[in-house]
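Take a look at the structure set out below.
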Amino acid sequence: MRTTAPSAPPPVDPERPDLTPAARRVLETASRLFYERGIHAVGVDLIAAEAGVTKKTLYDRFGSKEQIVVDYLATRDARWRAHLAAHHDPAALSPVERVLAVFDASAEWMAEHSGKGCGMVNAHAEISDPAHPAYAVIIGQKQWTLELFTRLAADVSPDAARELGRSLTLLHEGALVSDGLDVFPDAFGRARRLAAFLLSAAQEAR
């Protein structure tokens, strides 16, 4: 039987004003190492050493490696959402353009921040247990993406929003994986063109 995904924690401030300077160094160091080397491959000894703090400081600030993983993923998600918001001015874009802007923002994000692929997809390859506290962040981010595309699709074709949202999500997530693996060039450009085709067909069917 399929396990119901836990509720995602609330979004965090991407700038994290709650962190002390030492905690910020720990999180930034851990985020870099987790993304570059993998979550399981990186231990707290390495994080503490590269962040220039003691293990006691690390545990005082975060409590456990699991919590550092949660904060790494939650902060990465918050920064992605802030990046997307900068590309997404509803007043300046048509309903179709608002959908396509997600693909444009993702392509730019991947080029700047994700040379090894989607951080959430990579994390899920290592964390598939729903009991792990980071699992809710991973699944919650993908659920948010589906909800975003469904909401945007409703402005294009209200009657087809549910199915169109799922199709757009498939294109987007497929582009994330293909881009990360460098399977073929311009994965997001191809996904964007297919999305535009789907949106045009949905409009014509109204």
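- In this structure, L194 CG and L170 CG are separated by 12.0 Å, a value rounded to the nearest 0.5 Å.
- The main-chain N or O of E163 is found under 3.5 Å from a side-chain atom of S167 such that the two form a donor-acceptor pair.
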Could you walk me through whether E173 and K142 pass salt bridge (charged side-chain N to carboxylate O under 4.0 Å, His left out), step by step? CA-CA 9 Å; E173 296 304 303; K142 297 307 179 184; 2.7 Å; yes

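- Between the side chain of K65 and the backbone N or O of I39, at least one donor-acceptor pair lies under 3.5 Å.
- Counting non-hydrogen atoms of neighbouring residues, nucleotides and ligands closer than 6.0 angstrom, the CZ atom of F184 exceeds 12 such neighbours.
- Of all the heavy atoms in A74 and V137, the pair that sits closest is N-CG1, 3.7 Å.
- Summarising the geometry of T20 relative to R61, their closest heavy-atom pair is OG1-NE, 3.1 Å, with the distance given to 0.1 Å.
- Annotation for L27 and Y72: closest pair CD1-N, 3.6 Å, computed over non-hydrogen atoms.
- Looking only at distances, no side-chain donor or acceptor of H87 sits under 3.5 Å from a matching main-chain atom of D104.
- Counted by atom type alone, Q67 and D71 present one or more donor-acceptor pairs between their side chains at under 3.5 Å.
- Closest heavy-atom contact between E50 and R37: OE2-NH2, 4.0 Å.
- Seen from the ring of F103, R190 does not count as a face-on cation partner, given the 6.0 Å and 45° thresholds.
- No side-chain donor-acceptor contact under 3.5 Å links Q141 to the backbone of D77.
- Between the side chain of S178 and the backbone N or O of G174 there is at least one donor-acceptor pair closer than 3.5 Å.
- Of the possible donor and acceptor atoms, one in the side chain of R25 sits under 3.5 Å from a partner among the backbone N and O of A51.
- Each of W80 and Y35 belongs to its own hydrophobic cluster when Ile, Leu, Val, Met, Phe, Trp and Tyr are linked at side-chain heavy-atom distances under 4.5 angstrom.
- The nearest pair of heavy atoms linking T57 to A22 is CG2-CB, 4.1 Å.
- Counted by atom type alone, T145 and H172 present zero donor-acceptor pairs between their side chains at under 3.5 Å.
- Checked against L164 for a side chain to side chain contact (heavy atoms under 4.5 Å, CB included), the options T150, L152, L199, D159 give a single hit: L199.
- Screening L168, T169, L148 for a side chain to side chain contact (heavy atoms under 4.5 Å, CB included) involving V102 leaves a single residue, L148.
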